[in-house]
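Beneath this line is the structure, given in structure tokens, with notes to follow.
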Amino acid sequence: MKKISLIAAMSENRVIGRHNQLPWNMPADWQNFRRITAGKPFVMGRNSYLAPDKLLSTSRSIILSHSEIPDLCENCIRAENWETALSLLQHEPEIFILGGQSIFEQAMSFANYIYLTVVHGIFPGDAWFPEIDKLEWKLIKDRFYHRDSRNPYDYSFQEYIRAG
Ligand SMILES: NC(=O)c1ccc[n+]([C@@H]2O[C@H](COP(=O)([O-])OP(=O)(O)OC[C@H]3O[C@@H](n4cnc5c(N)ncnc54)[C@H](OP(=O)(O)O)[C@@H]3O)[C@@H](O)[C@H]2O)c1
């Protein structure tokens, strides 16, 4: 595949999850996510797959786990390692890596694009997005939006491309 994109939403203190769920409800972020990822395959870790607010691809979702996962949903495939996951998707023009923390930490080294929603608040949590090394990544889009009647926090949609 040509484009390997991380897609995530994090708070200003880099929180992405608490008790295996998103700590906020931001419909604008769901809409943006669906628009960007429509029809594209996903890769996620087992914990994210088991989350109550998980997001599945209308194409294929690859779930990384070292063990069997009972009752896998339709269009979901388990992969035991990255090599298998990426070879299953090698002919796709773009894949989306959905998290969670452990998956983002591993994929940061080989992904070449990041879609990041920053929720402008400080949240308690137990899962975080890794630091983005400014020497390795270039911020190419950064759009700020004010909170509104449906979205309780200000937010920004950012995009980074691997530099060089
Ligand atoms: N805000 C966001 O954008 C966003 C997005 C997604 C998730 N989240 C949050 O992130 C949190 C979950 O993150 P997490 O780090 O706990 O879990 P995770 O990354 O979703 O899943 C971890 C599991 O994935 C499997 N795994 C990881 N690396 C693997 C590899 N190289 N090969 C095979 N299997 C591998 C392992 O499963 P086994 O133990 O079965 O081997 C591991 O226990 C939740 O709070 C969730 O809400 C937030």
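Ligands are counted one by one from 1 in listed order, and the atoms in each one are counted from 1 as well.
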Backbone, side chain, both or neither: what part of Trp82 comes under 4.0 angstrom of ligand 1, heavy atoms only?
-> side chain

Atoms in ligand 1 flagged as close to Ala9, the criterion being non-hydrogen separation under 4.0 Å = 1 (N), 2 (C), 3 (O)

among protein heavy atoms, the one nearest atom 10 (O) of ligand 1 is Gly100 CA, 3.5 Å

Answer yes or no: is there an ion pair linking Glu92 with Lys40, defined by an N-O contact shorter than 4.0 Å?
-> no

In a table with atom names and distances, give each donor-acceptor pair under 3.5 Å that connects a side chain of residues 113-125 to protein atoms at least two apart or in another chain.
residue	atom	partner	partner atom	Å
Tyr113	OH	Glu159	OE1	2.5
Tyr115	OH	Lys3	NZ	2.9
Thr117	OG1	Asp29	OD1	2.6
His120	ND1	Glu12	OE2	2.7
His120	NE2	Ser156	OG	2.7

Heavy atom of protein inside 4.0 Å of atom 2 (C) of ligand 1, strictly below | yes

For atom 42 (C) of ligand 1, what is the nearest protein heavy atom, given as residue, atom name and distance?
-> Ser102 OG, 4.7 Å

Between Tyr145 and Phe157, what is the ring plane arrangement, given parallel below 30°, perpendicular above 60°, and tilted in between?
-> tilted

Same cluster or not: are Ile4 and Leu89 linked, directly or through other Ile, Leu, Val, Met, Phe, Trp or Tyr residues, by side-chain heavy atoms under 4.5 angstrom apart?
-> yes

Shortest protein contact, atom 25 (C) of ligand 1 (heavy atom only) = Leu64 O, 3.2 Å

So which protein heavy atom does atom 21 (O) of ligand 1 come closest to, and at what separation?
-> Asn47 N, 3.3 Å

Here the atoms of ligand 1 under 4.0 Å from any heavy atom belonging to Arg46 are 21 (O), 23 (C), 24 (O), 37 (O), 38 (P), 39 (O), 40 (O)

Taking the side chain from Asp142 and the backbone from Gln158, do they hold a donor-acceptor pair closer than 3.5 Å?
-> no

Considering only non-hydrogen protein atoms, determine which one is nearest to atom 20 (O) of ligand 1 and report residue, atom name and distance to 0.1 Å.
-> Ser48 OG, 2.6 Å

Sidechain N-carboxylate O distance under 4.0 Å for Glu94, Lys2 | no

Euclidean distance, Trp128 CH2 relative to Met10 CE, rounded to 0.5 Å = 13.5 Å

Using the benzene-type ring in the case of Trp, are the ring centres of Phe110 and Trp82 under 6.0 Å apart?
-> yes

What do you reckon, does His66 have a nitrogen or oxygen under 3.5 Å from a nitrogen or oxygen of ligand 1?
-> yes

Enumerated ligand 1 atoms positioned under 4.0 Å from heavy atoms of Asn81 = 32 (N)

For atom 33 (C) of ligand 1, what's the nearest protein heavy atom and its distance?
-> Glu80 O, 3.1 Å

Interfacing atoms of ligand 1 (cut-off 4.0 Å, heavy-atom, Arg18) | 45 (O)

Once you round to the nearest 0.5 Å, how far does CD of Gln106 lie from CD1 of Ile97?
-> 10.0 Å

Test: Lys54 cationic atom under 6.0 Å from Tyr49 six-membered ring centre, within 45° of axis = yes

Between Ala51 and ligand 1, is there a nitrogen or oxygen pair with a distance under 3.5 Å?
-> no

Considering the heavy atoms of Gln21, write down every atom of ligand 1 situated less than 4.0 Å from one of them.
-> 45 (O), 47 (O)

Residues at least two apart in sequence or cross-chain that pass salt bridge (charged side-chain N to carboxylate O under 4.0 Å, His left out) with Arg147, listed by chain then number, are Asp154

Looking at Leu116, Ile16, Leu98, the heavy atom closest to atom 5 (C) of ligand 1 belongs to Leu98

Show the numbers, then the answer: is there a side chain to side chain contact (heavy atoms under 4.5 Å, CB included) between Ile132 and Met108?
-> CA-CA 8 Å; Ile132 298 174; Met108 201 74 168; 3.7 Å; yes

Pull out every atom of ligand 1 sitting under 4.0 Å from any heavy atom of Ala8, numbered as shown with elements.
-> 3 (O)

Which residue holds the protein heavy atom closest to atom 12 (C) of ligand 1, what is that atom called, and what is the gap in Å?
-> Asn20 OD1, 3.7 Å

Applying a 4.0 Å heavy-atom criterion (strictly less than), which segment of His19 is in contact with ligand 1: side chain, backbone, both, or neither?
-> neither

What is the closest protein heavy atom to atom 30 (C) of ligand 1, and at what distance does it sit?
-> Gln106 OE1, 3.9 Å

List every atom of ligand 1 that sits less than 4.0 Å from any heavy atom of Gln101, numbering the atoms from 1 in the order shown and giving each element.
-> 10 (O), 13 (O), 14 (P), 15 (O), 19 (O)

Taking it one step at a time, do Phe33 and Phe42 satisfy ring pair (Phe, Tyr, Trp, His ring centres under 6.0 Å)?
-> CA-CA 12 Å; Phe33 175 93; Phe42 298 169; 5.6 Å; yes

